[in-house]
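These numbers come from the heavy atoms of this one structure, side chains and all, not from hydrogens, waters or symmetry mates.
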Amino acid sequence: MNDERSSNVPLVLMFCLTGMCVVVGLLFFIIEPAGGHGTAHARFPDTMNQGSTGFDRLGDVRWIGLAFALLQAAFFVVVLFLGTKERTALRGWFAAVGFLYLLTLTALVIAEAAYAQGSVRDIVLGFPLPTAIMVYGVGGTPILFSMFYLLMFDRWILKPEDLQLIQELAQQGNQATTGNSD
């Protein structure tokens, strides 16, 4: 954390962690919707319960879940950012892909809510819309981070001069423990 703007990274991480704790704590104060755990089934009341619709059953928990997912995704992006060396140059890349990830998660929850209400029943690339967003968007966005990692590892994470320094230190450590002074 050489530049002074990087000193905000621990604060962002603390904000994300505290936010996740607050969001989970909110779950203890929400009133469970009617039929949240199901009611006796009309035909098989002794052996089976049936739930209300997904939209009714989730209620406000859907949006609390979205808040938790957004904070968790932001935390992951910031932690990935911490592992890079050239933070000033990479801030824009990580912010752009992180924003895309947050946007995709938001689109997933909104599409699921619309699907649960029955207002959207589109099939996209062979899947219902929420599933397509999950598979291609939420599943695909982290691939961008993997591609960054794969293609830019020796420039962003472990530069050749850093690797050489590590190898020299390891060599010195081996010589010190074995007693050799070659």
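- Atom-to-atom distance recorded for Glu168:CD and Leu163:CG is 10.0 Å, nearest 0.5 angstrom.
- Between the CG atom in Leu26 and the CH2 atom in Trp63 there is a gap of 15.5 Å [rounded to 0.5 Å].
- Atom-to-atom distance recorded for Ile110:CD1 and Leu129:CG is 11.0 Å, nearest 0.5 angstrom.
- A distance of 5.0 Å separates CD1 in Ile64 from CG in Leu27, rounded to the nearest 0.5 Å.
- Phe99 is not connected to Leu70 by any chain of hydrophobic side-chain contacts under 4.5 Å among Ile, Leu, Val, Met, Phe, Trp and Tyr, and they are in different clusters.
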Side-chain atoms of residues 136-144: list all donor-acceptor pairs with protein atoms under 3.5 Å, sequence neighbours left out, distances to 0.1 Å.
{"unit_1": "Tyr136", "atom_1": "OH", "unit_2": "Leu125", "atom_2": "O", "d": "3.2"}
{"unit_1": "Thr141", "atom_1": "OG1", "unit_2": "Gly137", "atom_2": "O", "d": "2.7"}

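- Under the 4.5 Å side-chain heavy-atom criterion for Ile, Leu, Val, Met, Phe, Trp and Tyr, Leu100 and Val78 are members of the same hydrophobic cluster.
- With sequence neighbours left out, the ring-ring contact (aromatic ring centres under 6.0 Å, His included) criterion links Phe44 to His41.
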Practice task
Output, in order, the C-alpha distance, side-chain angles, deciding distance and verdict of side chain to side chain contact (heavy atoms under 4.5 Å, CB included) for Leu108 and Thr104.
Solution key: CA-CA 6 Å; Leu108 170 66; Thr104 307; 5.8 Å; no
Practice task
Tell me, with the steps shown, if Ile133 and Phe127 meet side chain to side chain contact (heavy atoms under 4.5 Å, CB included).
Solution key: CA-CA 9 Å; Ile133 293 172; Phe127 292 114; over 6 Å; no
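- Taken from CG in Leu71 to CZ in Phe15, the straight-line distance is 6.0 Å, to the nearest 0.5 Å.
- In terms of heavy atoms, Leu105 sits closest to Ala73 at CD1-CB, 3.6 Å.
- At a threshold of 4.5 Å between side-chain heavy atoms, the hydrophobic network of Ile, Leu, Val, Met, Phe, Trp and Tyr places Leu80 and Leu103 in two separate groups.
- Rounding to the nearest 0.5 Å gives a distance of 10.5 Å between CG of Leu151 and OG of Ser146.
- With hydrophobic clusters built from ILVMFWY side chains whose heavy atoms lie under 4.5 angstrom apart, Tyr115 does not share a cluster with Val135.
- The cluster map of Ile, Leu, Val, Met, Phe, Trp and Tyr, joined by side-chain heavy atoms under 4.5 Å apart, puts Val61 and Val22 in different clusters.
- Across every non-hydrogen atom of Leu66 and Thr106, the tightest pair is CD1-CA, 3.8 Å.
- Gln72 meets the side-chain contact (heavy atoms from CB on, under 4.5 Å) test with Met20, Phe68, Phe76; sequence neighbours excluded.
- The number of heavy atoms from other shown groups lying within 6.0 Å of CZ (Arg121) is above 12.
- The two atoms that bring Ala74 and Cys16 nearest to each other are CB-SG, 3.9 Å, heavy atoms only.
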